[in-house]
2 protein chains.
Amino acid sequence: MEALDLCADILKAMAQPTRLRIIKLLRDGEHCVCEIFPAIGHEQSNTSRHLQMMLKSGILKQRKDGLKIYYSLRHTEVLEMVGLAEQIVVHEAERTARLVKQKGSKS
Amino acid sequence: MEALDLCADILKAMAQPTRLRIIKLLRDGEHCVCEIFPAIGHEQSNTSRHLQMMLKSGILKQRKDGLKIYYSLRHTEVLEMVGLAEQIVVHEAERTARLVKQKGSKS
DNA sequence: TTATTGTATGAGTAAACAATCATGTAGTTG
DNA sequence: CAACTACATGATTGTTTACTCATACAATAA
């Protein structure tokens, strides 16, 4: 697999609202599935699939402890990337606001 | 639309090998579609769709000049994010290499 | 005007995705 | 052992994606 495809996989593993929510939850350290799925408001099975997906892409790691499986972020770069994406969103919001002001509102 | 969904849109706009190729092409400044699609080895229509997609997500901007339309990156953060994704890929490659060494190869 | 060039887009298709429900599995407790 | 808990996964479904081919549109040139 090419480096470009691997890069795309990393990005794809982050490019989904539910998964972004999970990533943000994991900012403060590891959490088990039974903590995560109520926190994000999705079914256990759905949450588990998202976690598996991010695990296989390499951005998460897991640690088993008895019945529970704790997931955590493997690379701090993931959080940096989310931060940059949020910056872009802010810039875009500012730009859109400027455009509306220039063109005038339609209400 | 929530900030989280907007973030996911930004990431999704980058999370595809062809689009990553385009983004890397645009590192050195603006290019028109007729330059981009031969460079990335895709059809003009397909290339145009990817460009439209990235334009609508806000990570690209366009400038018309006669018949040609020049696309360029709107936010430097996009390149920073690609750089971070590449770092993760390198870390993952190193980790996988270590695992193979530990477990021994199967050849 | 017509022809040409550069780009966008409708229609169609195969594949991937996200979600759900039901079920399976592994570890724990009684 | 059986019952329970935490998690993963098969089967299914509706939606989205990436791509192609053909065509439309817009600006320029003849």
Side-chain angles (χ1 to χ4, degrees), chain A residues 1-2 4-26 29-73, chain B residues 1-2 4-26 29-73:
Chain A
M1 206 176 191
E2 275 187 49
L4 234 134
D5 298 70
L6 293 171
C7 264
D9 280 348
I10 301 289
L11 286 158
K12 206 181 297 179
M14 306 171 58
Q16 211 275 345
T18 304
R19 289 197 290 273
L20 277 179
R21 204 174 291 276
I22 293 174
I23 289 169
K24 293 201 146 203
L25 236 177
L26 296 179
E30 62 180 19
H31 286 282
C32 60
V33 186
C34 60
E35 289 168 350
I36 298 172
F37 84 85
I40 64 173
H42 278 274
E43 297 227 335
Q44 178 270 322
S45 64
N46 186 24
T47 305
S48 182
R49 277 187 218 281
H50 281 301
L51 289 167
Q52 289 299 311
M53 194 269 203
M54 290 192 277
L55 183 69
K56 273 159 196 162
S57 82
I59 70 174
L60 294 191
K61 58 184 173 185
Q62 60 176 198
R63 179 181 70 85
K64 308 198 183 193
D65 183 13
L67 272 177
K68 298 185 180 180
I69 299 185
Y70 290 89
Y71 285 88
S72 56
L73 296 169
Chain B
M1 207 178 193
E2 276 186 49
L4 232 132
D5 298 71
L6 294 171
C7 262
D9 280 348
I10 301 289
L11 286 158
K12 208 182 294 180
M14 306 170 58
Q16 211 274 344
T18 305
R19 290 197 289 274
L20 277 179
R21 204 175 290 277
I22 293 174
I23 289 170
K24 293 201 147 203
L25 236 176
L26 297 179
E30 61 178 20
H31 287 282
C32 60
V33 185
C34 61
E35 288 167 351
I36 298 172
F37 84 84
I40 63 172
H42 279 273
E43 298 228 333
Q44 179 270 322
S45 63
N46 186 24
T47 305
S48 182
R49 279 187 217 279
H50 281 301
L51 289 167
Q52 289 299 311
M53 193 270 204
M54 291 191 277
L55 183 69
K56 274 159 194 163
S57 82
I59 70 173
L60 294 190
K61 58 183 174 185
Q62 62 176 195
R63 180 181 69 85
K64 307 198 182 194
D65 183 13
L67 272 176
K68 299 185 180 179
I69 299 186
Y70 290 89
Y71 285 88
S72 55
L73 295 170

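Convention: sequence-line order gives letters A, B, ...; per-chain numbering from 1.
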I need the residues from residues 4-18 of chain B with at least one non-hydrogen atom less than 4.0 Å from DNA chain D; give them sorted by number, or say none. B:K12, B:Q16, B:T18
Nearest 0.5 Å, please: how far is CG in B:L73 from CE in B:M54? 8.5 Å
Show every donor-acceptor pair shorter than 3.5 Å between a side-chain atom in residues 10-17 of chain B and any protein atom, with sequence neighbours excluded, or say none if there are none.
{"residue": "B:Q16", "atom": "OE1", "partner": "B:T18", "partner atom": "N", "Å": "2.8"}
{"residue": "B:Q16", "atom": "OE1", "partner": "B:T18", "partner atom": "OG1", "Å": "3.4"}
{"residue": "B:Q16", "atom": "OE1", "partner": "B:R19", "partner atom": "N", "Å": "3.2"}

Only one of B:Q44, B:E43, B:H42 forms a side-chain hydrogen bond (donor to acceptor under 3.5 Å, both in side chains) with B:N46, so which one is it? B:H42
CG of B:D9 to CG of B:L4: how many Å apart, nearest 0.5 Å? 10.5 Å
Residues A:P38 and A:V33: closest non-hydrogen pair is CD-O, 4.2 Å
Please walk me through it: do B:H50 and B:T47 pass side-chain contact (heavy atoms from CB on, under 4.5 Å)? CA-CA 5 Å; B:H50 281 301; B:T47 305; 5.8 Å; no
Look for any protein N or O under 3.5 Å of an N or O in nucleotides 7-10 of chain D and output each such pair with its distance, or none.
{"residue": "D:dC7", "atom": "OP1", "partner": "A:V33", "partner atom": "N", "Å": "3.1"}
{"residue": "D:dC7", "atom": "OP1", "partner": "A:I69", "partner atom": "N", "Å": "3.1"}
{"residue": "D:dC7", "atom": "OP1", "partner": "A:I69", "partner atom": "O", "Å": "3.4"}
{"residue": "D:dC7", "atom": "OP2", "partner": "A:C34", "partner atom": "N", "Å": "2.4"}
{"residue": "D:dA8", "atom": "OP1", "partner": "A:Q52", "partner atom": "NE2", "Å": "2.7"}
{"residue": "D:dA8", "atom": "OP1", "partner": "A:Y71", "partner atom": "OH", "Å": "2.4"}
{"residue": "D:dA8", "atom": "OP2", "partner": "A:S48", "partner atom": "OG", "Å": "2.5"}
{"residue": "D:dA8", "atom": "O5'", "partner": "A:S48", "partner atom": "OG", "Å": "3.4"}
{"residue": "D:dA8", "atom": "N7", "partner": "A:Q44", "partner atom": "NE2", "Å": "2.9"}
{"residue": "D:dA8", "atom": "N6", "partner": "A:Q44", "partner atom": "OE1", "Å": "3.2"}
{"residue": "D:dG10", "atom": "N7", "partner": "A:R49", "partner atom": "NH2", "Å": "3.2"}
{"residue": "D:dG10", "atom": "O6", "partner": "A:R49", "partner atom": "NH2", "Å": "2.1"}

Quick one: do the A:Y71 and A:E35 side chains pair a donor with an acceptor below 3.5 Å? no
Residues passing the side-chain contact (heavy atoms from CB on, under 4.5 Å) test with B:R49, sequence neighbours excluded, are none
Would you mind listing every salt bridge (Lys or Arg N to Asp or Glu O under 4.0 Å) that reaches into residues 57-71 of chain A, with sequence neighbours excluded? A:E30-A:R63
Rounded to the nearest 0.5 Å, what's the gap from CD1 on B:I22 to CG on B:L60? Could you check? 8.0 Å
N or O in side chain of B:H50 less than 4.0 angstrom from D:dT17 OP1/OP2: no
Would you kindly give the CG-to-P distance between B:L20 and D:dT17, to the nearest whole Å? 16 Å
At a heavy-atom distance below 4.0 Å, which nucleotide of DNA chain C is the first touched by chain B, and which is the last? C:dT5 to C:dA11
